[in-house]
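Chain naming here is simple, since letters A, B, ... match the order of the sequence lines and numbering starts at 1 in each.
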There are 2 protein chains.
Amino acid sequence: MARRPSALTREAIVDAATALFAERGYAATGVRDIAAAASTDPALVIRHFGSKELLFLDTMRFSLQEHPIFDAPLEALPHRLVEFVVDLEEPQRGVVVALVGARSEPAIAERLHEIHEQDFVAPLLDRLHGEGAELRARLAAVLVAGLIYGLWVVGDERLLAAGRDELVDRYTALLRPLLLST
Amino acid sequence: MARRPSALTREAIVDAATALFAERGYAATGVRDIAAAASTDPALVIRHFGSKELLFLDTMRFSLQEHPIFDAPLEALPHRLVEFVVDLEEPQRGVVVALVGARSEPAIAERLHEIHEQDFVAPLLDRLHGEGAELRARLAAVLVAGLIYGLWVVGDERLLAAGRDELVDRYTALLRPLLLST
DNA sequence: GTCTATAGCGAGATAGAC
DNA sequence: GTCTATCTCGCTATAGAC
């Protein structure tokens with residue numbers, strides 16, 4: 001294969017790292033694996049990103065900014081949130097799982113905490129007001145996180161046995177009172 | 001220190017491994033660390049348990065059989081379950097977190113799945129009947145697991161800011177309709 | 001910028017004396 | 001049963017030729 005210009009090599013490394021970290025996790029993915037998948041070599045990977053951990057933190061991002069979930073009226077929000085989780089696809093699904101799995105690295109634990117805070121708690125807190133709004137936002141975030149945990153971390157596949165729509169409806173019914181009442 | 005007879009050494013290894021795995025996780029705990037904490041040496045650890053992974057699986061057990069939670073009448077069950085999770089102490093708390101963190105080892109992922117199935121889903125399923133009982137049991141298990149995840153994996157300490165009792169009451173209110181209605 | 005070769009470390013696991 | 005010494009392997013990261 002022809003030599004790539006630098007920007008393309010860097011991009012290939014990012015793509016390979018994202019896919020491999022998401023698929024196998026932090027510990028099980030070596031710098032060698034990433035280099036091979038990007039058709040380059042381990043030295044370049046370190047040269048571009050400094051270390052495996054920095055590369056991990058650079059690629060394992062999770063942002064809800066791109067999804068217009070929180071634009072929905074409050075009435076529709078529970079359904080939208082649950083749908084988002086149930087329909088979550090790779091690599092986003094793997095990103096969360098990989099971050100959870102590498103939680104024993106302090107910097108990675110911090111990232112996981114940040115994501116929970118910034119992408120789940122904070123947007124919910126924006127939409128809730130009055131007495132106990134913060135607790136309700138945090139409870140709702142935990143509820144949503146629980147579904148992620150059940151589906152993608154523990155891997156309870158039978159949750160989907162009754163059908164995707166049924167699961168979405170039932171879980172929405174659990175979340176709704178938390179967001180719509182005081 | 002005097003030399004221990006075998007049974008005591010084995011017990012010391014189990015105690016040390018339980019504490020260290022629960023505190024630091026699988027990857028961050030070495031066989032050497034365990035041996036040192038048990039006042040013995042790495043060779044004995046392997047000799048007694050075969051490998052680090054087998055030792056992990058031997059020590060990281062989580063059983064709800066000892067807790068009489070599921071003896072409670074159905075009406076009281078939601079409150080009991082939530083209380084149990086919120087009041088979870090070491091090393092049980094660390095066991096769950098360590099299992100989640102080492103999920104990239106297939107045998108450990110399987111154990112995590114087993115625990116979810118046997119200690120949460122199955123006892124709930126025993127208590128529920130009628131149409132959709134299985135889905136309700138699985139939803140309830142996810143709800144409970146979500147609280148474990150939020151409190152002990154992600155580490156949202158502010159959930160407890162309003163007070164332990166308030167958290168228990170609010171989360172119980174979320175779980176109750178799932179277990180008590182059709 | 002790129003790649004070959006390897007340094008340096010730490011891990012889990014083992015051999016064999018006592 | 002116990003422990004010292006060591007083996008072997010895999011990893012990240014680096015040095016240096018091109």
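- For B:Arg24 and C:dA11, the CZ to P distance is 11 Å, given to the nearest whole Å.
- For A:Pro42 and B:Leu44, each mapped to the nucleotide of DNA chain D holding its nearest heavy atom, the one lying further toward the 5' end belongs to B:Leu44.
- For the pair B:Phe70 and B:Arg80, the minimum side-chain heavy-atom distance is 4.5 Å or more.
- The side chain of A:Ala43 lies closest to C:dT4 when the candidates are C:dT4, D:dT4, C:dT2.
- A continuous path of ILVMFWY side-chain contacts below 4.5 Å connects B:Val86 to B:Leu159, so both sit in one hydrophobic cluster.
- Annotation: side chain of A:Val96 is not in contact with side chain of A:Val153 (no heavy-atom distance under 4.5 Å).
- B:Ile46 places its CD1 atom 17 Å from the C1' atom of C:dG16, with the value rounded to the nearest Å.
- B:Tyr171 pairs by the ring pair (Phe, Tyr, Trp, His ring centres under 6.0 Å) definition with nothing, not counting sequence neighbours.
- One interatomic measurement links the two molecules: CD1 of A:Ile34 to C1' of D:dT12, which rounds to 11 Å at whole-angstrom precision.
- The base of C:dG12 sits within donor-acceptor range of the side chain of B:Arg32, with an N or O pair under 3.5 Å.
- Looking only at side-chain heavy atoms (C-beta outward), B:Thr40 and B:Ile13 come within less than 4.5 Å of each other.
- For the contact set between residues 50-59 of chain A and DNA chain D, defined by any heavy atom under 4.0 Å, the members are A:Ser51, A:Lys52.
- With rounding to whole Å, B:Arg47 atom CZ is found 11 Å from C:dA15 atom P.
- Under a hydrophobic clustering in which Ile, Leu, Val, Met, Phe, Trp and Tyr are joined whenever their side-chain heavy atoms come within less than 4.5 Å, directly or via other members, A:Leu178 and B:Leu180 fall into the same cluster.
- Atom C1' of nucleotide D:dT14 and atom CG of A:Asp41 are separated by 12 Å, given to the nearest angstrom.
- A:Leu8 places its CG atom 13 Å from the C1' atom of C:dG1, with the value rounded to the nearest Å.
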